[in-house]
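Below, each value reflects all heavy atoms present in this structure, side chains not excepted, and no hydrogens, waters or symmetry copies. Just so you know, residue 1 is the first one in the sequence shown, and it goes up from there.
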Amino acid sequence: MEQKIFCPERPDCKGKLYTGIDLGTANIVVTVLDENKQPVAGALQEARVVKDGLVVDFIGAINIVRKLVQQVEEKLSRSLEEAAVAIPPGTRAEDTRAIVNVVQAVGLEVTNVVDEPTAAATVLGIKDGAVVDIGGGTTGISILRDGQVIYVADEPTGGTHFSLVLAGAYNIGFEEAERLKRDPDKYDQVFPLVIPVIEKVADIINTHIAGKDAGPIFLVGGTACLEGIEKVISRYTGLPTVKPYNPLLVTPLGIAMHCA
């Protein structure tokens, strides 16, 4: 599984640190902010220990989070003591508890639990609009008005479904389809095949924003990294659709910002 560590050069990490842990369907991400809530370090690893917001491999999740936390601690020469976590909108209490238990098992105190689209909206500074978090297994929608979240929803369609389409079209395994999906050199053969799934995501968005004067759409999540996805969604919904520079890291950074 691919793993990445990022640590911008910053001279001082001696103040309070804010940590966010994002247990996603496709990736687990640990992000750390300094006392001014600016990024100082992070690490991510591809993983298959969570499915549609549910922890399906508890021990595997603990092992990955522990390893990522240790790597970040080594980069910062500091121990992390607390963290915030995130859940898809509408997650049941028992499923939320499983995510909290994973982080606590690593030795971190969980100070806050936030829904994923709301975490993303915090980073983007959105007061009005719809934040759409297209992850590996689900699409989460958060509608904001005057800076307040007025509606949240989550539907089981995401990057996994893109890969399943590719696996079926090319008669290949799921992991190979995942690599194909992420290969920029294969974009021309991938994108036409997944357009129907993008339109399904857009249909989900339309269903949940109907009659709510949602305003512009802001795309985040790993699946939103796909080039051109914002154009299909904008065309299908009829709304301006904005995609930030790196949609994958928006929600993890927002989770850290909610660390008390």
Q: Specify the closest pair of heavy atoms between G42 and V72, including all atoms of both residues, with the distance to one decimal.
A: C-CG2, 3.9 Å
Q: Begin with the C-alpha distance, continue with both residues' side-chain angles, and end with the deciding distance and a verdict on side-chain contact (heavy atoms from CB on, under 4.5 Å) for E230 and V242.
A: CA-CA 7 Å; E230 69 277 14; V242 179; over 6 Å; no
Q: Does the side chain of I255 reach to within under 4.5 Å of the side chain of T31, using non-hydrogen atoms?
A: no
Q: Measure from the side-chain N and O atoms of H161 to the backbone N and O of G158, and report whether any donor-acceptor pair falls under 3.5 Å.
A: yes
Q: Do K16 and E81 pass the salt bridge (Lys or Arg N to Asp or Glu O under 4.0 Å) test, and can you show the C-alpha distance, the side-chain angles, and the key distance before you say yes or no?
A: CA-CA 10 Å; K16 179 177 175 60; E81 298 178 355; over 6 Å; no
Q: Count the heavy atoms belonging to other residues, nucleotides or ligands that lie under 6.0 Å from NZ of K186, then report whether that count exceeds 12.
A: no
Q: Hydrophobic clusters here meaning ILVMFWY residues chained together by side-chain heavy-atom distances under 4.5 Å, can you tell me if I198 and I217 are in one?
A: yes
Q: Would you indicate whether the side-chain heavy atoms of N101 and F58 approach each other to under 4.5 Å?
A: yes
Q: Is a donor on one side and an acceptor on the other found under 3.5 Å between the side chain of R179 and the backbone of F174?
A: no
Q: Holding to side chain to side chain contact (heavy atoms under 4.5 Å, CB included), I want the full list of residues that pass it with E227, two or more places apart in sequence or in another chain.
A: Y187
Q: Within this structure, what is the CD-OG1 distance for the pair E73 and T19, rounded to the nearest 0.5 Å?
A: 8.5 Å
Q: Could you see if V113 belongs to whatever hydrophobic cluster contains L54? Use Ile, Leu, Val, Met, Phe, Trp, Tyr and a side-chain cutoff under 4.5 Å.
A: no
Q: I'd like to know if the side chain of T160 reaches the main chain of G136, judged simply by a donor and an acceptor atom lying under 3.5 Å from each other, with no hydrogens or angles considered.
A: yes
Q: Identify which one of T223, T138, T251 satisfies the side chain to side chain donor-acceptor pair (under 3.5 Å) criterion when paired with D133.
A: T251
Q: Would you sort out whether Q189 and L180 count as a side-chain contact (heavy atoms from CB on, under 4.5 Å), showing the intermediate values?
A: CA-CA 9 Å; Q189 67 187 80; L180 175 64; 4.0 Å; yes
Q: Nearest heavy-atom pair of A169 and L193: which atoms, and what distance?
A: CB-CD1, 4.0 Å
Q: Is it the case that one hydrophobic cluster holds both L124 and V152, taking links as side-chain heavy atoms less than 4.5 Å apart, direct or via other members?
A: yes
Q: Answer yes when R48 and E175 have at least one side-chain N-carboxylate O distance shorter than 4.0 Å, and no when they do not.
A: yes
Q: Measure across G15 and R78 and return the closest heavy-atom pair with its distance rounded to 0.1 Å.
A: O-NH1, 2.6 Å
Q: First locate atom OH of Y18, then atom CD of E82, and finally report the distance between them rounded to the nearest 0.5 Å.
A: 8.5 Å
Q: Side-chain contact test, heavy atoms from C-beta onward, threshold under 4.5 Å: evaluate it for V131 versus I141 and give yes or no.
A: no
Q: Transitively linked via ILVMFWY side-chain contacts under 4.5 Å: V132 with L239?
A: yes
Q: Once rounded to the nearest 0.5 Å, what's the spacing between atom CG of L68 and atom CD1 of I21?
A: 8.5 Å
Q: Does any non-hydrogen side-chain atom of Q45 lie less than 4.5 Å from one of K67?
A: yes
Q: Is there a side-chain contact between V201 and Y236, using heavy atoms and a 4.5 Å cut-off?
A: no
Q: How many angstroms lie between NZ in K200 and OG1 in T157, if you round to the nearest 0.5 Å?
A: 5.0 Å
Q: Given salt bridge (Lys or Arg N to Asp or Glu O under 4.0 Å), test E178 with K181 step by step and report yes or no.
A: CA-CA 5 Å; E178 282 277 293; K181 179 179 68 177; 2.9 Å; yes
Q: Is there a path of hydrophobic side-chain contacts, each under 4.5 Å between heavy atoms of I, L, V, M, F, W or Y residues, that connects I229 with V250?
A: no
Q: Please round to the nearest 0.5 Å and tell me the distance separating atom CD1 of I209 and atom OG1 of T237.
A: 6.0 Å
Q: Kindly indicate, with the supporting measurements, whether the criterion side-chain contact (heavy atoms from CB on, under 4.5 Å) is fulfilled by L17 and L33.
A: CA-CA 6 Å; L17 297 179; L33 312 179; over 6 Å; no
Q: Looking at side-chain heavy atoms only, is the closest gap between L76 and V32 below 4.5 Å?
A: yes
Q: Donor-acceptor pair, distance only, cut-off 3.5 Å: does the side chain of Q104 make one with the backbone of E109?
A: no
Q: Are the side chain of D115 and the backbone N or O of I87 linked by a donor-acceptor pair below 3.5 Å?
A: no
Q: Backbone N or O of N36 within a donor-acceptor pair of the D34 side chain at under 3.5 Å?
A: yes
Q: Has the side chain of K243 got a donor or acceptor atom that lies under 3.5 Å from a matching backbone atom of V220?
A: no
Q: What are the two closest heavy atoms between V69 and V30, and how far apart are they?
A: CG2-CG2, 4.3 Å
Q: What are the two closest non-hydrogen atoms of G222 and L248, and how far apart are they?
A: CA-CD1, 3.8 Å
Q: For A167 and G173, which heavy atoms make the closest approach, and how far apart are they?
A: CB-O, 4.2 Å
Q: For N246 and C225: C-alpha separation, side-chain torsions, deciding distance, then whether side-chain contact (heavy atoms from CB on, under 4.5 Å) applies.
A: CA-CA 7 Å; N246 192 335; C225 293; 4.3 Å; yes
Q: Is I150 close to L144 at the side-chain level, that is, under 4.5 Å between some pair of heavy atoms?
A: no
Q: Is any side-chain heavy atom of I28 closer than 4.5 Å to a side-chain heavy atom of V65?
A: yes
Q: Looking at D185, is its backbone amide N or carbonyl O close enough to the side chain of D183 to form a donor-acceptor pair, meaning the two atoms are under 3.5 Å apart?
A: yes
Q: To the nearest 0.5 Å, what is the distance between OG1 on T207 and CD1 on I204?
A: 7.5 Å
